[in-house]
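Have a look at the structure below before the remarks.
Reckoned from all heavy atoms, side chains included, excluding hydrogens, waters and symmetry mates. Fair warning: this is a prediction, and the values are worked out from it, not measured in the lab.
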Amino acid sequence: MARHLITSALPYINGIKHLGNMVGSMLPADVYSRYLRQRGHDVLYICATDEHGTPAELAAKELGLPVAEFCAQAHHAQKAVYDGFHLAFDYFGRSSSSENVEITQHFARRLNENGFIEERAIRQVYSPTDGRFLPDRYVEGTCPHCGYDKARGDQCENCTRVLDPTDLIDPRSAISGSTDLEVRETKHLFLLQSKLQHEVEEWVARHEKDWPQLASSIARKWLTEGLHDRAITRDLDWGVPVPADTWPELAAEGKVFYVWFDAPIEYIGATKEWADATGGDWKSWWYEVDTDVRYTEFMAKDNVPFHTVMFPATELGVREPWKKVDFVKAFNWLTYYGGKFSTSQKRGVFTDQALEVLPADYWRYFLIANAPESDDSSFTWEHFTATVNKDLADTLGNFVNRVLSFSRKRFGDDVPAGGEPGEAEARLGEEIARLLAEYEEHMEAIQFRKAAASLRALWSAGNSYLEEKAPWLEIKTNPEGAALTLRTAMNLIHLYAVVSEPLIPSTAAAMRGAFALKDDTAVWVTADEAKSLTSVPAGTPFTVPPVLFAKLTDEDLQTYKERFGGEAA
């Protein structure tokens, strides 16, 4: 089977992330990883906290903590939330690790040797009020392209254009708000992306036909505008140090690499962290494996330029056979009532809060079923409540509960035998096999909304069969027929447990655990197994699990809206 390397955009170390961050990278990567593992593939899913840059320094300062201690605490806090969402990383690392320092410095040296790094004296924004040079992200102002008045000095969030701080109109310090800014001279290292333009264009041209239109169009837009040489160092205390053996003067000044230079390299660094922790072979996933490993990245659209243009430029310039991405799964925005989620303004639902409200599977299913793939999608409590009640509580949860409860009431605690399958069971088996193939096709194509719709159709097929056979009536005249119906439905429950695991792993485990099978080693369901529905034989002891999904009430809806707000600000 194929070997699959999967990464999701690194969550920044500051603060717990909102639902938009979850559905835009980590959750779909987890769903896809789980699916591939179930289909027998060798999978390595890598992620990490992105810990460098000025925001981490400032947050630590505000809390009165050393920045290293702040990042360690924040890393553990984020990891706890991701564990709560049942994200099955093979390794969740840290960009401040010694492994990332080593590999980032190696990349910088090789780029320098190959003529793609140049030391330049530049004029940079300095804030006398703050007593420091201001990194790009901490100069704010009005975007000269779209007029957005909260654009940062590296990129405008509104129009996604890359900026320099000096491009901004009416610039101000994001630290103090001071407009008393000066431009002073300092030296930095520049990655000469302009010299790599044609190589990146050729590389993108070979791959973009396989990418979603969102990813390819963003990459093409950047290339059409032309790649510019970009500073890859900053005047900060926290970051990957510039190596003194190559740039002694800059190292003596305390220069560190820019977070967007070292963060993508952390995918490799975190894999080495994994190898150091487990004894694995990290290079077998990253070095000289162009055709042996399929590499898929998951990210929201604002991260696409860095992963489709800038990081590939870095890898190409190193002139070493590092693995480059094969497929970029890019997502649009999940909005909150049509407006942006906002960490700074506490607008929307954050992942730790979500887990306080309801268990992870409610959120996992809703987010995947409404993933912002072709366009932006909007979170509303009304939509969330309706989806939970219709799909999870009524279609799946009610099916499981009424089948198992009715069977126990009428036939005891073992799966009943009943008669031989008939025409209705044959039709059901064909329908289940067809829907399962459709589900597999959408998962293979990494089309999550379509996959969720196919999974929902699988659940609905069980309800349709139950309504057609009506065992609660059938038992009055044909107990053997009712027993067959219930046995068939129980086999559907087991099938649902197996194939639903990528989206709702905790619920899948509960459904699977309802049956005391002596040797339940099923990792997936074949077409023949779907047609026959015989994996849970008669006589198998079973239990009725607790309610899988609680139906949400109007009172619940009102409570959620009062706590989180019922509309965007």
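- No side-chain donor from either of S377 and N370 sits under 3.5 Å from a side-chain acceptor of the other.
- In terms of modelled atom types and a separation under 3.5 Å, the side chain of E140 and the main chain of K150 share no donor-acceptor contact.
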- I would like to know whether N100 and I265 meet side chain to side chain contact (heavy atoms under 4.5 Å, CB included); could you show each step before the answer? CA-CA 7 Å; N100 193 42; I265 298 171; 3.8 Å; yes

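- The closest donor-acceptor contact from the side chain of T233 to the backbone of L189 lies under 3.5 Å.
- A perpendicular orientation is assigned to the rings of F92 and Y82, their planes being inclined by more than 60° (bins at 30° and 60°).
- Screening E119, R230, Q124 for a side chain to side chain donor-acceptor pair (under 3.5 Å) with H188, the sole residue that qualifies is Q124.
- To the nearest 0.5 Å, atoms CD1 (I504) and OH (Y362) are separated by 11.0 Å.
- Within a 6.0 Å radius of NZ in K324, other residues, nucleotides and ligands contribute more than 12 heavy atoms.
- The backbone N or O of Y12 lies less than 3.5 Å from a partner atom in the side chain of K17, making a donor-acceptor pair.
- Residue pairs that meet the side chain to side chain donor-acceptor pair (under 3.5 Å) test with at least one member in residues 65-74, sequence neighbours left out, are E69-Q73.
- Between L250 atom CG and F257 atom CZ the span is 9.0 Å, to the nearest 0.5 Å.
- Ring to ring, Y287 and W282 are not that close: their centroids are 6.0 angstrom or more apart.
- The 12-atom threshold is exceeded at NZ of K301, counting heavy atoms of other residues, nucleotides or ligands nearer than 6.0 Å.
- Side-chain atoms of D376 and T335 form no donor-acceptor pair, as typed in the model, at a separation below 3.5 Å.
- The closest donor-acceptor contact from the side chain of N303 to the backbone of A300 lies at 3.5 Å or more, if one exists at all.
- Residues satisfying the ring pair (Phe, Tyr, Trp, His ring centres under 6.0 Å) test with H86, not counting sequence neighbours, are none.
- Checked against the 6.0 Å centroid criterion, the rings of Y35 and H41 do not qualify as a close aromatic pair.
- In this structure, R34 pairs ionically with E501, as a charged nitrogen and a carboxylate oxygen lie closer than 4.0 Å.
- Ring-centre distance between Y267 and H307: below the 6.0 Å cut-off.
- With a 4.5 Å cut-off on side-chain heavy atoms, F327 and I6 do not count as touching.
- A donor-acceptor contact shorter than 3.5 Å is absent between the side chain of D90 and the backbone of I46.
- Checking N21, L87, L19 one by one against L27, the side chain to side chain contact (heavy atoms under 4.5 Å, CB included) holds for a single residue, L87.
- Across A56 and I13, no two heavy atoms sit closer than the pair CB-CG2, 3.8 Å.
- Across F341 and L334, no two heavy atoms sit closer than the pair CD1-O, 3.2 Å.
- Considering only residues two or more places apart in sequence or on other chains, W238 meets the ring pair (Phe, Tyr, Trp, His ring centres under 6.0 Å) condition with H52.
- Listed for the N158 side chain is no donor-acceptor partner under 3.5 Å among the backbone atoms of Y148.
- For the pair H383/S378, no side-chain contact is recorded, criterion being any heavy-atom separation below 4.5 Å from C-beta on.
- Note on K61 versus D237: no salt bridge recorded, every NZ/NE/NH1/NH2 to OD/OE distance being 4.0 Å or above.
- A distance-only check finds no donor-acceptor pair linking the side chain of R152 to the backbone of D136 [under 3.5 Å].
- The CD1 atom of I16 sits 10.0 Å away from atom CD of Q353, with the distance rounded to the nearest 0.5 Å.
- Annotation: F379 is in aromatic contact with F366 [ring centroid separation under 6.0 Å].
- Considering Y45, W286, W322, W285 in turn, W286 is the only one that fulfils the ring-ring contact (aromatic ring centres under 6.0 Å, His included) rule with Y295.
- Taking the six-membered ring for Trp and thresholds of 30 and 60 degrees, F384 and Y560 have ring planes more than 60 degrees apart, a perpendicular arrangement.
- Proximity of V43 to Y32: side-chain heavy atoms (C-beta onward) are nowhere separated by under 4.5 Å.
- Side chain of D50 to backbone of P11: no donor-acceptor contact under 3.5 angstrom is found.
- With S216 contributing its side chain and Q213 its backbone, the two residues share a donor-acceptor pair below 3.5 Å.
- Taking 4.0 Å as the cut-off between side-chain N and carboxylate O, E356 and R563 count as a salt-bridged pair.
- With values rounded to the nearest 0.5 angstrom, C47 atom SG is found 12.0 Å from F298 atom CZ.
- Between T308 and W222 the shortest side-chain heavy-atom distance does not fall below 4.5 Å.
- Contact record, F564 with Y336: O-OH, 3.2 Å, taken as the closest heavy-atom pair.
- In this structure, the side chain of N14 engages the main chain of P55 through a donor-acceptor pair within 3.5 Å.
- The shortest non-hydrogen separation linking G565 to Y337 is O-CE1, 4.0 Å.
- Looking only at side-chain heavy atoms (C-beta outward), E373 and P212 stay at 4.5 Å or farther from each other.
- Contact annotation: the side chain of S97 never approaches that of E51 to less than 4.5 Å [non-hydrogen atoms, C-beta and beyond].
- The side-chain heavy atoms of R3 and S284, taken from C-beta on, include a pair separated by under 4.5 Å.
- Within a 6.0 Å radius of CD in E562, more than 12 heavy atoms belonging to other residues, nucleotides or ligands are found.
- Closest non-hydrogen pair, T179 versus R172, comes out as CG2-CB, 4.0 Å.
- The shortest non-hydrogen separation linking W363 to A354 is NE1-O, 2.8 Å.
- Taking a cutoff of 4.0 Å between a charged side-chain nitrogen and a carboxylate oxygen, R120 and D229 qualify as a salt bridge.
- Because its NZ or CZ atom is both nearer than 6.0 Å to the ring centre of F331 and within 45° of the ring axis, K329 counts as a cation-pi partner of that residue.
- To the nearest 0.5 Å, the span separating CE on M26 from OG on S8 amounts to 6.0 Å.
- Side-chain atoms of T49 and S95, non-hydrogen and from C-beta on, never get closer than 4.5 Å to each other.
- Distance check, rounded to the nearest 0.5 Å: CZ of F107 to CG of N112 gives 14.5 Å.
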